[in-house]
Each structure stands twice: as C-alpha cells, then as structure tokens.
S.K.: 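Sharing a structure with you now.
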Amino acid sequence: MYYRSNNTVINQPIFWSFNGDDLKETITYVMNGLFGKIENSFFGKQGINENVVGYNKKKYDELEKVYSMAYNNINSLTKHYIVANATLDDISKLEYNWNDNGAQAFSVKLIEKCRQIVSQLVAEPFVCPTACGSIQFEYEKENGEYIEFEIYEDRIEVYSESLINGEEEFVLYGITANDKMKQMVVDFYG
C-alpha cells in the first residue's frame, strides 16, 4: 500500500501485464461511446436541447470536463511506461565496455527488476544506465527538488535534495526496498 506522510492510504498497486496501445484504444472507444450516447440524449439536429427531461447544463459541463480529463490521463498512461520500457530495452542491449571505459553489461535480473518497479510507479522516471552497474531512475521538480534511485540487483541507493530536508543519501535493502521506493515517489509528488 502507498501511504501519505500522515499515514492515510492512497492505494494498493495492482501489477498487470498489458499492451498500453490496446488498453488506450479500448478505453477511448468505451468513453466515446458513452459520451456519444449522453450527447445524443441532449442534442437535437439544431444543437443542444435544454428542454429534454433530465438535462442539466451544469452537470453536462462537469461530465464533459471529466471526460476530457479521463481522455488526457489515458493518453498519458501509455506514455509513462512506453518511454521507460523503451529505455530499459536499450539498456538491456548494452554490451561490455558500452561506455568505452570498461563498464559491464546489465543482467537480465536487473532489467526485469527495473521493469517491475517502473510498471508500479505513480510517475514516469527518467531512466539511464550507470557505469557502476546500476540503472538510475530520476525525478525532478521545477522548484529544484530532486530524487534519484540507483537500482542494483540487491539494493536501491537513494539520493535526494529537498527544500525541507536538504541533501540525503541512504540505501534500501531487502524485500521491502521496492515498496519503500514506490512510497518515496508518492511522497515526492504528494
């Protein structure tokens, strides 16, 4: 579960494997169909019919806003995982000495660990390889706050800069490391 700093539950992540484009098409099709039926109920050939029983302009306008926000979120949903996974694909193809300075290739185990983590994050990270054998996830806000996670097979090293706490560095170990990282991303944007 994800918690805010006041310990209220935000949500429990569900790990699904799906094709983002198929999901986007399906949800868009359903949303367009539902919105079309609602529009047809209130619009005549000459435009909006305010005399239709049940018509409420305020509620219709609110519904239109919800539809627009949902459509935008659906579009951004597929972008989050496509970019990060494409970067992980590129990293998985790097061979020994990929940086011309003796850096090792990345293990399948590390790539899969990163794929699992990125699919459960609330925001898309900037993903890049490091010469020390980790894969780095970065987040930065316009106000200068920054957090990065160097993900290794056996640990996650964290570095952050915040307006409240200044600079912090620490390491997450064990089976709860991934969940702690996900919670930190929630808190970073919360």
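No hydrogens, no waters, no symmetry mates; every other heavy atom, side chains included, goes into these values.
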S.K.: Can you list the steps and then say if Tyr139 with Tyr189 is a ring pair (Phe, Tyr, Trp, His ring centres under 6.0 Å)?
M.R.: CA-CA 10 Å; Tyr139 295 96; Tyr189 286 107; 5.8 Å; yes
S.K.: Would you give the length of the straight line joining atom CG of Leu94 to atom CD1 of Ile135, rounded to the nearest 0.5 angstrom?
M.R.: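 Leu94 atom CG to Ile135 atom CD1 measures 9.0 Å (nearest 0.5 Å).
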S.K.: Side chain of Trp98, backbone of Ala105: donor and acceptor closer than 3.5 Å?
M.R.: no
S.K.: Might you work through the side-chain contact (heavy atoms from CB on, under 4.5 Å) test for Phe149 and Glu157, ending with a clear yes or no?
M.R.: CA-CA 6 Å; Phe149 303 93; Glu157 295 182 2; over 6 Å; no
S.K.: Side chain to side chain donor-acceptor pair (under 3.5 Å), that's the test. Do Ser107 and Glu153 meet it? Break it down for me.
M.R.: CA-CA 9 Å; Ser107 72; Glu153 286 183 17; 2.3 Å; yes
S.K.: To the closest 0.5 Å, what do you measure between CD1 (Ile147) and OG (Ser162)?
M.R.: 9.0 Å
S.K.: Can you name the residues that form a ring-ring contact (aromatic ring centres under 6.0 Å, His included) with Tyr146, not counting sequence neighbours?
M.R.: none
S.K.: Could you give me the CA-CA distance, side-chain angles and deciding distance for Val118 and Lys113, then say whether side-chain contact (heavy atoms from CB on, under 4.5 Å) is met?
M.R.: CA-CA 9 Å; Val118 79; Lys113 178 180 180 178; over 6 Å; no
S.K.: Do you know the tightest heavy-atom contact between Asp154 and Tyr173?
M.R.: O-CD2, 3.9 Å
S.K.: Quick check on side chain to side chain contact (heavy atoms under 4.5 Å, CB included): which of Met181, Met184, Glu169 does Val158 satisfy it with?
M.R.: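 Single pass found, and it is Met184.
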S.K.: Could you give the distance from CZ (Phe137) to CG (Leu88), rounded to the nearest 0.5 Å?
M.R.: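 One finds 5.5 Å between CZ of Phe137 and CG of Leu88.
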S.K.: Check whether any side-chain heavy atom of Glu145 lies under 4.5 Å from a side-chain heavy atom of Phe188, and answer yes or no.
M.R.: yes
S.K.: Closest approach of Asn178 and Ile117, non-hydrogen atoms and distance?
M.R.: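 In terms of heavy atoms, the two residues are closest at OD1-CD1, 3.6 Å.
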S.K.: For the CD atom of Glu148 and the CD1 atom of Ile156, what is their distance to the nearest 0.5 Å?
M.R.: 13.0 Å
S.K.: Start with the C-alpha distance between Leu172 and Arg155, add both sets of side-chain angles, then the distance that settles side-chain contact (heavy atoms from CB on, under 4.5 Å), and finish with yes or no.
M.R.: CA-CA 6 Å; Leu172 303 172; Arg155 68 189 183 281; over 6 Å; no
S.K.: For Ser134, check side-chain hydrogen bond (donor to acceptor under 3.5 Å, both in side chains) against everything at least two apart and list the hits.
M.R.: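 Testing Ser134 for side-chain hydrogen bond (donor to acceptor under 3.5 Å, both in side chains), a comparison that skips the adjacent residues, returns Thr130, Glu150.
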S.K.: If you round to the nearest 0.5 Å, how far is CZ of Phe170 from OG of Ser160?
M.R.: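 One finds 6.0 Å between OG of Ser160 and CZ of Phe170.
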S.K.: Compare every heavy atom of Tyr96 with every heavy atom of Gly102, then report the nearest pair and how far apart it is.
M.R.: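 The answer is O-CE1, 3.6 Å.
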S.K.: Might you point out which heavy atoms bring Ala84 and Val127 nearest each other, and give the distance in Å?
M.R.: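 Between these two residues, the closest heavy atoms are CB-CG2, 4.1 Å.
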S.K.: Considering all heavy atoms of both residues, which atom of Ala131 and which atom of Ala103 are nearest to each other, and what is their separation?
M.R.: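 Residues Ala131 and Ala103, closest heavy atoms: O-CB, 4.1 Å.
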S.K.: Within this structure, what is the CG-NZ distance for the pair Leu163 and Lys141, rounded to the nearest 0.5 Å?
M.R.: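 Leu163 CG to Lys141 NZ: 8.0 Å, rounded to 0.5 Å.
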S.K.: Closest heavy-atom contact between Glu138 and Cys128?
M.R.: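 Heavy-atom minimum between the residues: OE2-SG, 4.0 Å.
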S.K.: Show the numbers, then the answer: is there a side-chain contact (heavy atoms from CB on, under 4.5 Å) between Glu124 and Phe126?
M.R.: CA-CA 7 Å; Glu124 179 184 24; Phe126 173 77; over 6 Å; no
S.K.: Going by an N to O cut-off under 4.0 Å, is there a salt bridge joining Asp187 and Lys182?
M.R.: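 No, no charged N to carboxylate O under 4.0 Å.
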